[in-house]
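The next block holds one structure in the form of structure tokens; read it before the comments.
A quick note: this is a predicted structure, and the numbers were derived from the prediction, not measured.
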Amino acid sequence: MLGYLARRVAMTLPVMGVVALIVFALLHLAPGDPASIMAGDAASPAELAEIRARLGLDAPLAVQFVTWLGQILQGNLGLSLHSHKPVAEMIGSRLGPTFSLAVATVTVSLLVAIPMGVYAAWRRGRLSDRLVMAVAVLGFSTPVFVVGYGLIYLLSLKAGWFPVQGFTALTTDPVRFLRTATLPTLTLSTVYIALVARITRSSVLEVLGEDFVRTARAKGVPEARIVLRHALRNAAVPIVTVVGSGAAFLIGGVVVTESVFNIPGLGRLVVESVLARDYPLIQSLILLLSLVYILINLAVDVLYTVFDPRIRY
Amino acid sequence: MSALTTTGSAPRRAGRLLPRGSGLSACAALVLLVIGLSALVGPLVIAADPLHIDPVNRLKLPSAAFWFGTDAMGRDVFARVVYGARTSLLVGLASAALSLVLGTLIGLLAGYFRLLDGIVMRVMDGIMAIPSIVLAVALVAVTGANLGTVLLAIVLPDFPRVVRLVRGVILGLRQEAYVEAAVSLATPTWRILLRHMLPNTLAPLIVQGSFLVASAVLTEAVLSFLGVGLPPEVPSWGNVIAEGRTYFQIRPGLIFFPGLFLALTVLNINLIGDALRDALDPKLATRR
């Protein structure tokens, strides 16, 4: 197990390396010279030369890459071009809302989607099954911002239950956190619920067709126990896989949702940094979000052994 | 199992959407046909100009004159949605086509030539490890927003999934007896690739292609919505929605009308994709 873990972690290193290369290339493949991009249109030649020297832009690209990577690895993410604050500090101040939103979304999604999927599989082919699956397709196809504005319209503007925008941290005021976080969480959850419900249904269905389920039925095991103990447990691996790969949708969804609800999290920081062309900030954000995604999928691989003891490495 | 390191494509293909034979794919095709036709001939038929600014008729409610009302500049929202269909579908189809061509080419080479395989797939893993919306947003930011860069921003995160799909098929085919026979007959490599292997990738590619169109239409809308997509004066669904944000509280239709068309399009493309998967490729169809 430990050996496997070490190998698995080692496997992510080349991927991270390629990600770093792409992120580095982003700035350097852009038309124009990075110094003039950073300095803006009004910079004088002397200023450009100064920036170029300061950032080491006169060195060969390979040297620049190694230098840049070295700084990143030492935790030096550089300064924001816009606010001149350290990038690490800016990112740190935005982690909280996004983290709480992501945790809430995954929790809510699993709590809703797994029962949905199991129920649909159990009632296979009936009206309730079709309804559940129709909801899943709809959730999957409706753009995140349309869902968000739909919820705002119905539950904030019409019903008046929730504030339209804004965010309060859990630690500041738990009640206000619930009021402000509910709609964004629901918005983000739609895609996740759709993904997880569909995979749960199809994996449970597959297991329900296996011989050992027939045996269990034949010896009189109660139906609920068959579905929950035998089928769901064996369906765990594909479900966990989807939760991991779905994290990409979650990260993309966070960017959109935080814009819709005006939440000061990482997603909005991505948009803000892009609109301001704040390159050090953009680069760090991409690196961070990719790292998170890679780590989630690493965790998923390790979780396989927990859910399915037959998988041994 | 451990190959799942950085996957991100599986969910869109996981599980069936709806039970077989529900007549749904026919409905989906019909709706898509209507949307496609209105994108094609709508601008020729409707008289309203999507760019015409009319300060007297700002933020009108839907009426006989303005079916979907007017926006903050008095522009006809119905006209903007119809013209927007053109932009959105064009971007969706073009970027899916680009992803397919590029991905197939690289996938063929990576699958056939062992030497290339390792390097190419590591690069693809790296690209797929970057959440696609984030990569797309950053690309547009760096290169500046126009049709070309928006296409690039959609294609770059998407095409590695095609590469992986094609490479997988090719890897499997290399063991086939007829491929070995072709090799032993000194068939030129390009001929083996194009005549003997490429046709086998067609069915999964058509299926993947339909999901690519759906995801490209969505990505374009998200980019425009965030303000980093096509220039704001171009009517695309995402742009129309983005402009509606300010006045959403008094005129929700500014977001819901284009949003409805966007959702309908994506939904029906996904439904067609599922139907295609079942029809074309029984191996890909997940168990019911």
Inset, instruction - Under 4.5 Å heavy-atom distance to chain B, tell me which part of A/Val260 shows up: side chain, backbone, both or neither. - result: both
Inset, instruction - Go through the structure and list residues passing side-chain contact (heavy atoms from CB on, under 4.5 Å) with A/Leu21, not counting sequence neighbours. - result: A/Phe65
Legend entry - Residue part contacting chain B, namely of A/Leu275, when any heavy atom lies under 4.5 Å: side chain
Legend entry - B/Ile127 versus chain A, the contacting section by heavy-atom distance below 4.5 Å: both
Inset, instruction - May I ask you to decide if B/Trp237's main-chain N or O and B/Ser88's side chain share a donor-acceptor pair within less than 3.5 Å? - result: yes
Legend entry - Which atoms of B/Leu139 approach chain A - backbone, side chain, both or neither, heavy atom under 4.5 Å: both
Inset, instruction - Go through the side-chain N and O atoms of B/Ser132 and B/Asp158 and say whether any donor and acceptor fall under 3.5 Å apart. - result: no
Legend entry - Check: A/Tyr192 side chain, A/Val243 main-chain N or O, donor-acceptor pair, under 3.5 Å: yes
Inset, instruction - May I ask you to list the residues in residues 219-227 of chain B that approach chain A closer than 4.5 angstrom, counting heavy atoms only, ordered by number? - result: B/Ala221, B/Val222, B/Phe225, B/Leu226, B/Gly227
Legend entry - A/Ser141: side chain to side chain donor-acceptor pair (under 3.5 Å) partners, not counting sequence neighbours: B/Asn270
Inset, instruction - Would you mind telling me which of A/Leu285, A/Leu289, A/Thr142 has the largest number of heavy-atom pairs within less than 4.5 Å of chain B? - result: A/Leu289
Inset, instruction - Check A/Val146, A/Val256, A/Val147 against A/Thr187 for a side chain to side chain contact (heavy atoms under 4.5 Å, CB included) and give me the one that passes. - result: A/Val147
Inset, instruction - Select, from B/Ile255, B/Val140, B/Ile133, the one with the greatest count of heavy-atom pairs under 4.5 Å involving chain A. - result: B/Ile255
Legend entry - Option in A/Pro143, A/Gly252, A/Ser273 with maximal non-hydrogen atom pairs under 4.5 Å from chain B: A/Pro143
Inset, instruction - Between chain B and each of A/Val270, A/Ile286, A/Val23, count heavy-atom pairs under 4.5 Å; write down the option with the most. - result: A/Ile286
Legend entry - Any pair counted as salt bridge (charged side-chain N to carboxylate O under 4.0 Å, His left out), so long as it reaches residues 248-258 of chain A, sequence neighbours left out: none
Inset, instruction - Give the C-alpha distance, both sets of side-chain angles, the deciding distance and a yes or no for side chain to side chain contact (heavy atoms under 4.5 Å, CB included) between A/Thr190 and A/Phe140. - result: CA-CA 7 Å; A/Thr190 45; A/Phe140 191 63; over 6 Å; no
Inset, instruction - Count the heavy atoms belonging to other residues, nucleotides or ligands that lie under 6.0 Å from CG of A/Leu13, then report whether that count exceeds 12. - result: yes
Legend entry - Portion of A/Val255 that has a non-hydrogen atom of chain B nearer than 4.5 angstrom: both
Legend entry - Minimum heavy-atom distance A/Ser259-A/Val271, with the two atoms named: OG-CG2, 3.9 Å
